[in-house]
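Have a look at the structure below, then the notes.
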Amino acid sequence: MTGIQRVTGMQDVLPEDRRYWDLILATAGQLAAEYGFQRIDVPVLEYTSLFVRGVGEASDFFVNKEMYTVVEDEGDSLTLRPEFTAGIVRAYLENGLHNWVQPVKLYAVGPIFRRERPQAGRFRQHSQFNVEILGEDDPATDLEVMLLAATLYRRLGYGQVMFQLNSTGCPACKPAYVEKLRAYLAAYEDRLAPVDQERLRRNPLRIMDSKEPGMEAILAQAPHIGDHLCPDCADHFAELRGLLDNVGQAYRVNYRLVRGIDYYVKTVFEVWGEGIGAQAALTGGGRYDGLAEAIGGPRTPGIGFGAGIERIVLALAARGVPPPEAPPVPVLLAHFGGETKSAAAALAFRLREAGIPARLAFSRGRRSLKSQMREANKVAASVVVILGDAELAAGEVAMRPLAGGEQTTVPLAGDAVERWLRAHLA
RNA sequence: GCGGGUGUAGCGUAGCGGUUAACGCGUCUGGUUGUGGCCCAGAAGACCGUGGGUUCGAAUCCCACCACUCGCCCCA
């Protein structure tokens with residue numbers, strides 16, 4: 001072990017796992033295109049004030065000091081993005097995307113940084129597939145975004161998913177509900193755990209998903225948001241549910257579903273997975289109609305979600321979905337060094353230019369053919385092209401199929417080698 | 001930030017006070033001059049997480065720290 005190691009909470013994605021990533025990202029990109037989303041890339045680094053104003057100082061990111069605030073620059077500090085949405089809304093405003101045909105449908109892929117304590121399925125750097133619809137508050141946009149998420153899991157072979165769904169209200173109805181909840185919970189204050197007593201003061205809503213012992217009974221009788229939505233929120237929620245029912249997408253209304261980010265209004269949802277430890281959420285999202293205004297822009301409704309790539313990998317593996325196979329290297333070129341190595345290296349280059357992936361055997365000196373054959377077997381090559389002294393002198397190469405079949409020779413000149421390989425590699 | 005668990009070669013493990021730290025897998029090389037998978041032989045690879053301490057002697061006992069891991073919190 002060397003003296004240098006990974007930073008806590010960071011992961012190396014080795015080729016085997018990386019193949020899952022390729023599958024997930026290719027599937028997600030394809031799906032996004034089908035749904036009419038275009039890819040956007042926004043910086044990993046943003047001014048801290050974007051998150052102060054967008055995500056909110058009362059959010060857990062700030063309260064728990066979860067953000068990586070890295071450098072001071074021109075009087076404003078910079079922060080590694082702890083989520084995607086604020087940056088995307090910032091880009092929407094800054095680049096005048098409100099002048100595009102509305103709504104604007106965007107997706108992004110990349111790393112997110114949160115300085116939490118690592119755990120199964122939770123890392124300090126993780127990657128998200130993030131989808132947003134900006135400039136429209138039709139509940140049908142909520143539906144589209146949710147269906148995109150559900151379809152992603154189905155296409156990946158994970159299976160059908162069930163949404164946890166709630167409406168978190170809006171500035172017109174949420175404050176009154178929160179007060180009602182606070183009043184209800186205050187009556188039980190002496191029975192609340194210290195964390196929950198703290199939440200009672202700071203954000204009573206969070207107590208709704210408390211896992212402290214004894215809370216079940218108290219919460220069962222608690223007033224829930226569903227009964228206190230304003231007409232606008234209630235209509236929105238009802239219409240969304242109707243749309244989901246109409247397409248047969250499974251969901252469960254969960255009045256305890258609460259978010260740690262302040263900007264969410266109306267719709268909030270999550271998809272829970274299995275096999276990834278206590279961190280069950282594969283996807284989380286919701287509506288943020290007030291976010292654009294919070295960061296200084298005109299009112300711009302929006303809805304979106306983030307899906308955690310690492311968690312999807314864990315969930316797929318737990319479900320027994322095998323990772324895609326490594327692409328085989330069809331051809332290995334064996335030689336005996338010297339002139340033959342030179343000729344083999346040139347032939348390898350020639351084959352690749354012709355679109356045939358080729359692996360050249362390496363060796364400082366002469367290396368036994370047996371050893372090179374073993375290498376070919378290990379990398380699952382289909383054919384070993386042998387370019388030895390005898391072949392070179394005769395101006396030909398030996399074609400040795402590994403899966404059986406006769407070894408033959410073909411001329412090195414011209415395109416005989418390419419034609420033989422194309423015919424035999426299927 | 002708070003709890004529990006674990007740290008011996010790339011991976012999985014053994015050794016748990018006493019000479020050059022063992023085994024399996026993997027890697028590399030070879031098994032008569034140039035042919036894979038099985039088998040055989042050999043090699044490389046470990047400052048036994050780090051730093052202190054106890055002891056004639058420590059991978060083995062004690063302490064601290066670090067890392068990883070599981071959970072709380074929160075989420076993806």
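The figures that follow rest on heavy atoms only: side chains count, while hydrogens, waters and symmetry mates do not. Proteins come first, then strands; the chains are lettered A, B, ... in the order of their sequence lines, and each starts at number 1.
Pairing for B/rG17 is absent, judged as Watson-Crick or G-U wobble with the two contacts each under 3.5 Å.
Geometric assessment of A/Arg241 against the ring of A/Phe237 yields a positive cation-pi assignment under the 6.0 Å and 45° thresholds.
With the nearest nucleotide of RNA chain B identified for both A/Arg6 and A/Tyr264, A/Arg6 has the one nearer the 5' end. Summary of the strand contacts: A/Arg115 and A/Phe336 both lie near RNA chain B, and taking for each the nucleotide with the nearest heavy atom, the more 5' one is attributed to A/Arg115.
On a pure distance criterion of 3.5 Å, no polar donor-acceptor pair joins the side chain of A/Glu116 and the base of B/rG1. In terms of polar N and O atoms assigned as donor or acceptor, the side chain of A/Gln372 never comes within less than 3.5 Å of the base of B/rU35 in a complementary pairing. Between the side chain of A/Arg374 and the base of B/rG37 there is no donor-acceptor pair of N/O atoms closer than 3.5 Å. A donor and an acceptor atom sit less than 3.5 Å apart, one in the side chain of A/Arg122 and one in the base of B/rC74. Counting distance only, with no hydrogens placed and no angle test, the side-chain atoms of A/Glu375 and the base atoms of B/rC28 include no donor-acceptor pair under 3.5 Å.
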Check against salt bridge (charged side-chain N to carboxylate O under 4.0 Å, His left out), A/Arg114 and A/Glu83: CA-CA 8 Å; A/Arg114 296 177 192 171; A/Glu83 58 109 46; over 6 Å; no
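Comparing B/rU27, B/rG71, B/rG34 against the side chain of A/Arg117 picks out B/rG71 as the nearest.
Each of A/Glu136, A/Arg287, A/Lys266, A/Met146 was checked for a side chain to side chain contact (heavy atoms under 4.5 Å, CB included) with A/Ile303, and the lone residue meeting it is A/Arg287.
For B/rC48 and B/rU6, the C1' atoms lie 15 Å apart once the distance is rounded to whole Å.
A donor atom on one side chain and an acceptor atom on the other are found under 3.5 Å apart for A/Asp142 and A/Thr267.
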